[in-house]
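Notes follow once the structure below has been shown.
When reading the values below, keep in mind they use all heavy atoms of this one structure, side chains included, and skip hydrogens, waters and symmetry mates.
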Amino acid sequence: MKLSALYQIFLDCQSVTTDSRNCPDGSLFIALKGESFNGNAFAGKALEDGCAFAIIDEAQYAIEGDRRYILVNDCLQTLQQLANYHRRQLGTRVIGITGTNGKTTTKELISAVLSQTHNILYTQGNLNNHIGVPTTLLRLKPEHDLAVIEMGANHQGEITNSDYFGGDLEGIIQKLDYLQSLGITCIYLNPIFEAHSNHRYDTADYTKVDPLLGTKEDFKRLCKEANKRGIHIMLDGVFNHTGSDSIYFNRKGRYQTLGAYQSQESPYYDWYQFYQWPEQYACWWNFETLPNVNETNETYNAYINGTDGVIQTWLKAGADGWRLDVADELPDLFLDDITKAAKQVKPTSMILGEVWEDASNKMAYGQRRRYLLGKQLDSVMNYPFREAIIGFLTGKNPAEMMELIMTVLEHYPPSAIHLLMNHIGTHDTERILTVLGGEPLNGRDREWQSRTKLSQEQRSRGLSLLKLASLMQYTLPGIPCIYYGDEAGMEGYRDPFNRGCFPWGHEDAELVNWYRSLGKIRHSCEVLKQGTLEPYYADDDCFVYVRSDKAVGQKLLVAVNRTAQRKQLCMVQEWETASALLGKAVWNGTLTLEPYGYALLFSGK
């Protein structure tokens, strides 16, 4: 699979739902109360804005004779019934909107916007057996600001990760042209399979797309539309553990299947390791909602890697590769089987592993791993390059950061180098703009993270450094991967603050255009595909290297200046005639780098 640039999408967050001030035609408004507001008062406004019906529980807010008002005893209970019925019985998306006073979570609901709800309103008598917790919730502050992320625990002190923001597969299809304009050739999707948290790393059913995201047919259509634009789709494979609320474990009894938690006669019982059945079992990092699986179990291995198993099924549906979550916690034989299964049905498919360290000599659970020795991973996520880029731009020794890069290039085989996933931020890290421009986290708590934003001065400096970071990301060996929204100027500390909604209509236009220019350079410069890297200069706050490929007769010099002072570098004669793709060309043997400046010099045909 030939790639130029990757784009990572955390699915719930690529779109922003709406409040009662902007309701889609034909939607349903449900009035709910918070500590500082009464949702019934917004019912009239919602109907004016195009809602088909408004459910209220206080009669004085209805207009006599207006049959669009539906009076119920308890709006919250009605929302719970509708949400569960709508999701599980009709398989369509439910969007709820919540408010918070900063201390509570889902208690203060403002409204719910359900697509096609008018088809359900006349069957309310059939909903009594479908009471459940609303599954899609977007928090709003009492003043109704949109897309404010405020995490907290429920009444039992649990963080349930049950806040959803409405992103789905159809939303990605609608934005494919935007992604194409960035030069993206592959989309890496965080988990899309049915699950009961917003992150979906607690898989409930590997065979189904989560109903909130769409259907398998929607996924096939996404792949088809993406392929038309030269874009591949890579799925996130979470095979080290399942969710406890799943067809396999079924701790909550949600499913009709006989889960391992329910019976030792379950066909899934041997997938898990119980210390004392059913309450004590091995789980990922002690999260009881994520029971570990025994990957060497024959039936589990066959379920994932067998003929028409999970790996092959989704590749046949249109996916072109798998990113393997916590690859260092997957046994070698299981990794072998994943790759074998994938290559059998799609030889060009890519198997990419989540490995944070040097993958060539990684030790995991007492064993030296053989990720890159053939028959396993095609390549890995490139955290060492991220460390080098951020390290240099935040003041570490340039020569030492260059050494980090060269170590990876010396240790990895060329085939793995060319497919390295070069990211500078993911769903597991702080936003790159925050890292470069903001105050260091230094162990501060979520409350501090939720209210801390970049000042104008910090943001300005951060944006300057982000241009340097992305230039390095796009010109180092491997494939650059944008974490959704980084190109739009999103900021945020750790999960969940690094997973905010994409700011459609409020993007940093200059930054988006910068990324578009980098995408064009990636496409036009053959040397960036397989060219070698030679260090040129790493000192005095500057970082310079050369990509070269004799086969195509091209060289590219990359130079960045991390300071607010102008820098001048003496250059050898061969760069005197090079053209400047970015920045200034060499003049009289000198390359001038402006404050936070850069140069991209091209030599060849």
Side-chain angles (χ1 to χ4, degrees), residues 1-17 24 92-93 95 115 164-193 200 209-236 314-323 346 348-350 352 421 423 425-427 470 474 479-490 499-509 511-524:
M1 182 163 61
K2 295 181 179 180
L3 302 178
S4 181
L6 283 147
Y7 193 88
Q8 180 187 352
I9 297 178
F10 201 84
L11 264 151
D12 263 318
C13 305
Q14 90 273 2
S15 67
V16 180
T17 53
T92 53
R93 183 178 63 179
I95 301 173
S115 61
Y164 294 76
F165 293 77
D168 57 14
L169 299 179
E170 174 61 33
I172 299 175
I173 293 172
Q174 294 174 9
K175 298 298 182 181
L176 285 174
D177 289 341
Y178 165 76
L179 297 177
Q180 186 180 28
S181 77
L182 292 173
I184 301 303
T185 56
C186 183
I187 299 171
Y188 152 42
L189 299 176
N190 284 98
I192 68 168
F193 304 125
R200 296 188 178 85
V209 172
D210 193 293
L212 297 180
L213 302 179
T215 65
K216 189 173 183 179
E217 291 306 310
D218 292 328
F219 176 75
K220 290 180 178 179
R221 189 161 58 90
L222 168 61
C223 294
K224 183 178 180 180
E225 291 298 321
N227 290 164
K228 288 179 182 178
R229 296 164 175 82
I231 299 174
H232 302 275
I233 301 296
M234 180 187 297
L235 291 174
D236 206 338
W314 291 100
L315 290 175
K316 289 179 180 179
D320 286 309
W322 288 90
R323 176 264 190 190
K346 191 168 286 190
T348 59
S349 61
M350 183 165 74
L352 184 85
M421 178 178 161
H423 58 84
T426 71
H427 62 291
S470 54
Y474 267 66
I479 311 297
C481 180
I482 304 173
Y483 181 45
Y484 82 95
D486 278 351
E487 82 281 10
M490 290 182 66
R499 302 180 183 182
C501 294
F502 193 99
W504 297 116
H506 302 281
E507 304 94 328
D508 185 316
L511 189 60
V512 172
N513 286 332
W514 167 260
Y515 272 89
R516 286 192 174 116
S517 68
L518 293 179
K520 291 177 181 177
I521 289 170
R522 283 284 308 182
H523 279 286
S524 62

Sorted by chain and residue number, the salt bridge (Lys or Arg N to Asp or Glu O under 4.0 Å) partners of Asp508 (sequence neighbours excluded) come out as none
The salt bridge (Lys or Arg N to Asp or Glu O under 4.0 Å) partners of Glu217 (sequence neighbours excluded) come to Lys220
Residues at least two apart in sequence or cross-chain that pass ring-ring contact (aromatic ring centres under 6.0 Å, His included) with His232, listed by chain then number, are none
The side chain to side chain contact (heavy atoms under 4.5 Å, CB included) partners of His506 (sequence neighbours excluded) come to Pro503
- prompt: Is the shortest heavy-atom distance from the side chain of Ile482 to the side chain of Tyr515 under 4.5 Å?
  reply: yes
Hits for side-chain hydrogen bond (donor to acceptor under 3.5 Å, both in side chains) against Glu507, two or more places apart or cross-chain, chain-then-number order -> none
Residues passing the side-chain hydrogen bond (donor to acceptor under 3.5 Å, both in side chains) test with Ser470, sequence neighbours excluded, are Trp514
With sequence neighbours left out, the residues meeting ring-ring contact (aromatic ring centres under 6.0 Å, His included) with Phe193 are Trp314
Residue pair His427 / Tyr484, side-chain heavy-atom distance below 4.5 Å: no
Sequence neighbours excluded, the answer for salt bridge (Lys or Arg N to Asp or Glu O under 4.0 Å) partners of Arg516 is none
Across all chains, not counting sequence neighbours, the ring-ring contact (aromatic ring centres under 6.0 Å, His included) partners of Trp322 are Phe239
Contacts of Leu222 meeting side chain to side chain contact (heavy atoms under 4.5 Å, CB included) (sequence neighbours excluded), chain-then-number -> Leu169, Ile172, Ile173, Leu176, Leu189, Ile233
### Side-chain touch Gln8/Asn190, heavy atoms, less than 4.5 angstrom
yes
Taken in chain and number order and not counting sequence neighbours, the residues that satisfy side-chain hydrogen bond (donor to acceptor under 3.5 Å, both in side chains) with Tyr7 are Glu487
Tightest non-hydrogen contact, residues Met234 and Met350, listed as CE-CE, 3.0 Å
Given side chains that start at C-beta, do those of Glu225 and Ile231 come closer than 4.5 Å, heavy atoms only? no
- Message: Using 30° and 60° as the class boundaries, would you call the ring planes of Phe502 and Tyr178 parallel, tilted or perpendicular?
- Response: perpendicular
Shortest non-hydrogen pair, Leu235 vs Ala319, comes out as CD1-CB, 3.9 Å
Smallest heavy-atom separation, Gly214 atom then Val209 atom, equals O-CG1, 3.6 Å
By salt bridge (Lys or Arg N to Asp or Glu O under 4.0 Å), Lys316 pairs with (sequence neighbours left out) Asp308
